[in-house]
Undergrad: 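Sharing a structure with you now.
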Amino acid sequence: MLCRPNWNRHCERSEAIHATSRVSGLRRRCAPRNDAPCHLALTEAIDDHKPMDSERYNARVAEPKWQRIWEEREIFRTRNNDPREKYYVLEMFPYPSGRIHMGHVRNYTMGDVIARYKRARGFNVLHPMGWDAFGMPAENAAWHNKTHPADWTYANIASMRSQLKAMGLSLDWSREIATCDPAYYKHQQRMFLDFLDAGLVVRKKSKVNWDPLDHTVLANEQVIDGRGWRSGALVEQRELTQWFFKITAFAEDLLASLDELPRWPEKVRLMQANWIGRSEGLALRFELDRAKGVKTSEIEVYTTRADTLFGAKFLAVAADHPLAAEIAKNDPGLAGFIAECHHVGTSEAAIETAEKKGYDTGLKARHPFDPDWQLPVYVANFVLMDYGTGAIFGCPAHDQRDLDFVNTYGLGNTPVVCPPGEDPRTFRIAAIAYEGDGVLINSRFLDGLTTQAAREEVARRLEAKSLGNRPQARREVHYRLRDWGISRQRYWGCPIPVIHCAACGVVPVPAADLPVELPRDMSFDEPGNPLDRHPSWKHVACPSCGAPARRETDTMDTFVDSSWYFARFTDPWNDVAATTPAWIEKWLPVDQYIGGIEHAILHLLYARFFTRAMQATGHIGVLKEPFAGLFTQGMVVHETYRSKAGEWFFPADVRIEMGSDGRRAFHIDSGEEAAIGPIEKMSKSKKNTVDPDDIISSYGADTARWFVLSDSPPERDVIWTEEGVQGAAKFVQRLWRLVGELASLAAPAGTPPPTNPSQAAMEIRRVVHMSLIKFEEDIERLRFNRAVAQVHELANKLSVAIGAIESETIGQDIHAAFREAADFLVLMTAPMMPHLAEECWAALGHTGLAAGTAWPAADRELVVEDTIALPVQVNGRKRADLVVARDAGNAAIEAAALALEPVRRALHGKPVKKIIIVPQRIVNVVA
RNA sequence: GCGGGCGUGGCGGAACUGGUAGACGCGCUGGACUCAAAAUCCAGUUCUGGCGACAGAGUGUCGGUUCGACUCCGACCGCCCGCACCA
């Protein structure tokens with residue numbers, strides 16, 4: 001015995017103290033355990049591959065041991081030429097922030113369960129890991145700590161890698177990639193140039209959030225209340241020439257193909273569909289009456305409501321519309337109004353409260369169906385330049401924004417669509433526009449038509465009518481989706497491989513010169529783009545004419561890096577090309593992708609774009625969709641603790657007490673009572689974090705894995721509680737004891753199931769096989785919480801079976817049944833608690849690894865019972881159970897049901913009207 | 001505003017395509033073991049009434065369909081998420 005009872009006792013105490021005294025890597029008050037017994041146990045067990053001979057499972061000894069054995073035997077290494085059917089399971093790779101958090105634990109545990117399960121079922125499983133290693137935090141760290149982003153990033157990768165290894169994940173580490181490695185990003189640069197060739201990359205002007213103090217572009221989320229997050233300066237809108245991926249070229253396909261993703265959450269497909277935002281409408285030109293020296297002779301508007309054309313009261317163009325600029329040249333009032341529009345923030349709050357304002361240009365537009373009908377032309381703050389044509393016609397009766405606008409400027413409204421059930425003679429619009437369908441009124445030749453038919457009629461007539469030499473209108477499909485701007489004025493990103501030459505323009509970096517590597521010698525003590533300030537890096541000769549030229553100093557958005565990493569995993573060793581056709585063909589699409597819902601739109605849409613662009617440029621064969629199955633897991637949340645002074649406390653620094661008035665929290669050091677706050681996403685600011693390292697070192701990885709799979713459905717948030725973790729830890733011990741008991745009753749390893757079992761042995765087999773069948777269903781459908789419950793239930797039933805059997809004499813059939821039960825139980829838990837399973841597997845006398853053992857075969861015939869218990873209802877309320885032969889006829893069931901005493905009582909002597917029998921399910925007596 | 005989702009014990013949650021509501025876990029109560037505690041094991045735990053067998057009520061609220069509704073339909077209340085001046 002390595003662990004004696006009194007040593008165990010000691011350890012439990014110390015473990016409990018340990019668990020509550022841990023802090024997220026910031027400080028550790030509790031001295032490391034250096035008591036002799038633990039160390040003795042540690043060294044002995046590691047040197048000895050025999051199972052631990054103990055009443056108590058010691059995760060701290062077992063976990064490193066099995067991790068080492070898995071690594072030595074390379075059992076998780078995946079070979080591309082393995083002939084078995086493939087299965088590719090992938091979790092969204094992490095940003096190397098420094099330490100893993102509980103969200104990672106949950107995400108990677110789920111993926112690992114699937115990987116281990118599929119491997120046991122005979123698939124050739126690809127389960128790789130890498131690092132989304134470019135990004136701003138590295139640059140911020142450089143700025144704050146004077147460390148180089150590369151050093152900071154690689155140090156973080158090293159520590160997070162060892163953390164992930166401590167979780168016992170069945171990953172193929174030989175395929176590890178980091179996006180900041182030139183060996184990775186050189187292929188990305190090559191693809192950028194291929195996309196450029198194919199017309200999928202364009203350069204155009206675009207508005208950005210500009211921080212005038214830091215001289216840098218800010219992402220929207222870096223603008224807080226209109227100010228730069230770091231400098232606090234008021235952010236300006238600036239136009240910069242930037243690089244764009246033409247994601248809009250695939251808008252239609254990206255939308256339509258969502259229907260071919262049945263294994264994606266409906267919610268995500270819907271979000272993407274909304275984001276792409278397809279609308280069908282009419283691009284329609286209005287003729288302008290020339291005035292004020294304006295040369296423009298027409299305005300093109302886009303509308304989805306051509307049916308409301310006779311309700312038009314005005315036209316409006318965006319402040320950035322060319323026409324507005326043209327008029328403003330000679331109209332200082334308008335110039336002032338346009339400037340005012342530019343000052344209004346783009347934040348949600350600003351839009352919400354912004355009044356609808358306009359400036360009357362004095363221009364008049366002619367109604368397409370009536371040259372004498374003149375509509376005033378406004379410049380309006382609510383018209384967006386980057387949707388449609390940047391110009392609209394306003395129909396106030398049937399558009400709320402237009403109505404708000406006319407109510408300010410007194411233009412009035414005419415209803416032209418009468419809602420169903422309204423009287424057209426009395427129907428009026430006041431403060432609320434009617435935006436639904438109906439029948440046309442006040443609309444000349446459209447009167448009486450439905451809105452649908454009226455749209456069609458207007459389109460038909462205006463397509464036939466000409467203005468200038470062209471039809472006055474054409475049907476158009478518009479998308480909300482914009483091209484993807486990828487230019488970032490940052491150092492720590494993939495350099496955009498082009499050179500700007502005064503004579504030749506934009507010149508791609510020749511393939512032979514790739515990669516364009518980031519310079520190492522950098523200073524980060526000034527704001528702005530460090531690459532731009534580097535003394536020599538950007539000065540190069542033009543590859544085309546040899547004249548002095550300037551290297552592009554913008555780097556790519558980090559979303560580019562993560563848009564194709566899943567493809568790189570299929571052959572990360574290919575030095576000459578991003579992908580190898582045969583292995584792309586073999587491995588893609590990813591069968592199961594798992595990650596957070598926060599990536600529902602951008603990352604997943606960009607990856608879908610990339611597979612299409614890669615296909616167009618020959619990097620991918622016929623594939624279009626990268627992820628056949630997608631699962632979005634919930635967050636790990638925790639309650640918050642706060643002192644009276646408003647100071648947050650880490651859960652590890654808080655002691656919970658159960659009082660008569662419920663749970664109360666006390667700060668351990670000061671004894672001060674802390675208010676228990678709402679359960680929220682774990683965050684550093686509220687200190688409601690639990691460090692996976694602490695959990696793994698005090699309870700073990702298996703406990704952490706088991707806990708994050710338990711209780712909550714995987715797509716929902718899981719609440720981290722100390723009680724819950726302890727429950728998981730207890731179950732680890734319980735399973736270890738149970739397997740020990742089963743081992744003492746089981747026939748030797750390798751004994752087949754009993755051929756002619758007694759009733760008792762049969763019952764054990766039935767329970768075990770039934771559990772296995774349900775467990776498989778749950779895992780296949782990613783219902784891990786139910787799978788966990790299934791294991792609990794099986795453990796309970798086997799405990800009962802052991803208790804029931806002990807007093808009797810045990811036959812060989814019982815021994816054989818327990819052998820099967822023990823083996824099945826351990827193999828079922830192996831995907832979730834792999835270390836414990838190995839230890840149990842060895843304790844059961846097996847010489848191989850549980851991780852290398854085929855999944856047990858469930859016998860569906862076995863679970864079919866001869867007799868079944870049918871619930872019997874009277875008028876829909878359950879009154880009794882009826883035990884009948886499985887194949888009993890309806891007449892026999894009816895008679896037996898009516899003979900039941902509780903049924904007779906419930907009938908109160910009333911005559912039976914009819915009896916409904918649903919075979920194998922239920923009997924309902926209607927009286 | 002638009003789009004989507006969800007409301008079940010003290011808590012997290014189960015309940016397959018309409019068929020025994022509350023699996024499983026946490027917590028709690030009682031008991032066994034112990035000098036004692038921890039751990040472990042056993043029993044109980046939706047609510048109301050009853051010592052009890054049992055009876056009644058019960059899945060946010062109200063109504064409907066059905067032999068039968070957590071599940072389907074309608075209205076309402078509450079919470080959550082996404083998008084947001086997209087013409």
Side-chain angles (χ1 to χ4, degrees), chain A residues 5 8-9 12-13 16 55-56 265-268 270-275 277-279 281-282 301-305 308 316 348 351-352 354 356 380-384 386-395 398-402 404-405 435 478-482 597-598 600-601 658 662-663 707 710-713 716-719 721-728 730-731 733-734 737 774 777 781 783 785-796 799 803 869-881 902 905-906 913-918 920-927:
Chain A
N8 283 340
R9 230 165 265 166
E12 271 154 26
R13 278 276 164 80
E55 291 167 21
R56 195 172 163 76
E266 182 67 39
K267 181 189 169 90
V268 174
L270 201 77
M271 280 163 74
Q272 292 216 349
N274 288 341
W275 187 261
R278 185 182 198 275
S279 76
L282 204 62
V301 305
Y302 176 72
T303 181
T304 55
R305 292 299 304 273
T308 63
E348 266 181 47
I351 288 167
E352 194 115 357
K356 304 272 177 292
N381 65 351
F382 66 97
V383 180
L384 304 175
D386 53 3
Y387 186 81
T389 60
I392 60 156
F393 80 81
C395 176
H398 304 292
D399 183 289
Q400 191 59 48
R401 292 158 305 180
D402 298 347
D404 293 344
F405 185 76
E435 299 183 346
H478 281 236
Y479 300 92
R480 210 187 74 104
L481 184 69
R482 301 294 141 70
I597 187 75
E598 67 274 19
I601 297 175
M658 291 299 297
R663 297 169 71 248
F707 177 72
S710 307
D711 285 352
S712 287
R716 267 192 245 175
D717 292 349
V718 64
I719 305 169
T721 61
E722 190 57 33
E723 293 92 333
V725 180
Q726 275 168 11
K730 280 182 195 173
F731 187 70
Q733 296 304 333
R734 179 164 177 229
R737 283 194 306 273
K774 288 183 180 169
E777 282 171 9
R781 294 166 66 180
R783 294 158 61 143
N785 58 321
R786 285 183 36 134
V788 164
Q790 213 54 249
V791 172
H792 274 289
E793 204 167 337
L794 177 58
N796 290 345
S799 290
L870 274 182
V872 181
Q873 299 179 324
V874 176
N875 292 330
R877 191 164 188 94
K878 191 202 165 190
R879 294 295 171 177
D881 278 314
R905 231 184 308 130
K913 284 195 198 127
K914 62 174 166 176
I915 300 178
I916 290 154
I917 298 172
V918 183
Q920 320 278 319
R921 279 225 177 263
I922 206 161
V923 179
N924 192 10
V925 180
V926 186

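Residue numbers start from 1 in every chain, and the chains themselves are labelled A, B, ... in the order their sequence lines are given, proteins ahead of strands.
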Undergrad: Look at all strands and tell whether A:Ser710 reaches a base, only sugar-phosphate, or nothing, counting heavy atoms closer than 4.0 Å.
TA: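 No contact.
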Undergrad: The side chain of A:Val383 is closest to which nucleotide in this list: B:A87, B:G3, B:U20?
TA: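 Per side-chain heavy atoms of A:Val383, the pick is B:A87.
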Undergrad: May I ask you to evaluate whether A:Arg716 reaches the phosphate of B:G13, defined as a side-chain N or O under 4.0 Å from OP1 or OP2?
TA: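 Result: yes.
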Undergrad: Regarding A:Asp404, tell me which of base, sugar-phosphate or nothing describes its non-hydrogen contacts under 4.0 Å with the strands shown.
TA: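 If one applies the 4.0 Å heavy-atom cut-off, A:Asp404 turns out to touch nothing in the nucleic acid.
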Undergrad: Determine the contact category for A:Asn274: base if any of its heavy atoms lies under 4.0 Å from a base atom, sugar-phosphate if only primed atoms, P, OP1 or OP2 are that close, otherwise nothing.
TA: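 If one applies the 4.0 Å heavy-atom cut-off, A:Asn274 turns out to touch the sugar-phosphate alone, with no base involved.
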Undergrad: Take the angle between the ring planes of A:Tyr302 and A:Tyr387 and call it parallel below 30°, perpendicular above 60°, tilted in between.
TA: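 Correct class here is perpendicular.
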Undergrad: Using a 4.0 Å heavy-atom cut-off across all strands, classify A:Arg877 as base, sugar-phosphate, or nothing.
TA: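 Here A:Arg877 touches the bases of the nucleic acid.
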Undergrad: Quick one: label A:Arg482 by what it contacts on the DNA or RNA (base, sugar-phosphate, nothing), any heavy atom closer than 4.0 Å.
TA: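 Since a base atom lies under 4.0 Å of A:Arg482, the category is base.
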Undergrad: Heavy atoms only: give me the nearest A:Asn274-A:Arg480 pair and the separation to one decimal.
TA: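 What the structure gives for the nearest pair is O-NE, 3.4 Å.
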Undergrad: Please tell me which of the listed nucleotides, B:C24, B:G12, B:G3, lies nearest to the side chain of A:Ala789?
TA: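 Side chain of A:Ala789 sits closest to B:C24.
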Undergrad: Phosphate oxygens OP1/OP2 of B:A87: is one of them under 4.0 Å from a side-chain N or O of A:Tyr387?
TA: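 Checking B:A87 against A:Tyr387, a side-chain N or O does come within under 4.0 Å of OP1 or OP2.
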Undergrad: What's the closest nucleotide to the A:Leu384 side chain, out of B:G19, B:G3, B:A87?
TA: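 Of the candidates, B:A87 comes closest.
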Undergrad: Does A:Arg734 make a side-chain N or O approach to OP1 or OP2 of B:A39 shorter than 4.0 Å?
TA: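 It does not, given that no N or O in the side chain of A:Arg734 lies less than 4.0 Å from OP1 or OP2 of B:A39.
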Undergrad: A:Arg783 side chain: which of B:G25, B:A15, B:C86 is closest?
TA: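 So the side chain of A:Arg783 is nearest to B:A15.
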Undergrad: Could you go step by step and tell me if A:Asp386 and A:Arg482 meet the salt bridge (Lys or Arg N to Asp or Glu O under 4.0 Å) rule?
TA: CA-CA 9 Å; A:Asp386 53 3; A:Arg482 301 294 141 70; 3.3 Å; yes
Undergrad: Reckon A:Asp386 touches a base, only the sugar-phosphate, or nothing at all at heavy-atom distances under 4.0 Å?
TA: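 Contact class for A:Asp386: none.
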Undergrad: Starting at the 5' end of RNA chain B, which residue's closest nucleotide do you reach first, A:Lys914 or A:Asn796?
TA: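 Its nearest nucleotide lies further toward 5', so the answer is A:Asn796.
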Undergrad: If you only use heavy atoms from C-beta on, which nucleotide in B:C24, B:A87, B:C41 is closest to the side chain of A:Arg737?
TA: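 The answer is B:C41.
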Undergrad: Could you check which of B:U20, B:A84, B:C81 has an atom nearest any side-chain atom of A:Gln873?
TA: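 Per side-chain heavy atoms of A:Gln873, the pick is B:U20.
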Undergrad: When you get a sec, tell me which of B:C54, B:G13, B:C81 is the closest nucleotide to the side chain of A:Arg905?
TA: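 Nearest nucleotide to the side chain: B:C54.
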Undergrad: Measure from the side-chain heavy atoms of A:Met271 and tell me the nearest of B:G68, B:G82, B:A87.
TA: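 The answer is B:G82, which lies nearest to the side chain.
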Undergrad: Less than 3.5 Å apart, any donor N or O on the side chain of A:Asn924 or A:Arg877 sitting next to an acceptor on the other?
TA: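 The answer is no; no qualifying pair exists.
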Undergrad: Quick one: which of B:C26, B:G68, B:A87 gets closest to the side chain of A:Thr303?
TA: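 Closest nucleotide to the A:Thr303 side chain: B:A87.
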Undergrad: Let me spell it out: for each of A:Asp711 and A:Lys878, pick the nucleotide of RNA chain B with the closest heavy atom. Which residue's pick is nearer the 5' end?
TA: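 Going by which nucleotide is closer to the 5' end, it is A:Asp711.
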Undergrad: Of all the choices, B:C41, B:G19, B:C85, which nucleotide is nearest to the side chain of A:Arg401 once you look at every atom?
TA: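 When the side chain of A:Arg401 is considered, B:C85 is the closest of B:C41, B:G19, B:C85.
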Undergrad: At 4.0 Å (heavy atoms only), tell me whether A:Lys913 reaches a base, stays on the sugar-phosphate, or touches nothing.
TA: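 It contacts nothing in the nucleic acid.
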Undergrad: Is a side-chain donor-acceptor pair under 3.5 Å present for A:Arg734 with A:Ser799?
TA: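 There is such a pair between these side chains.
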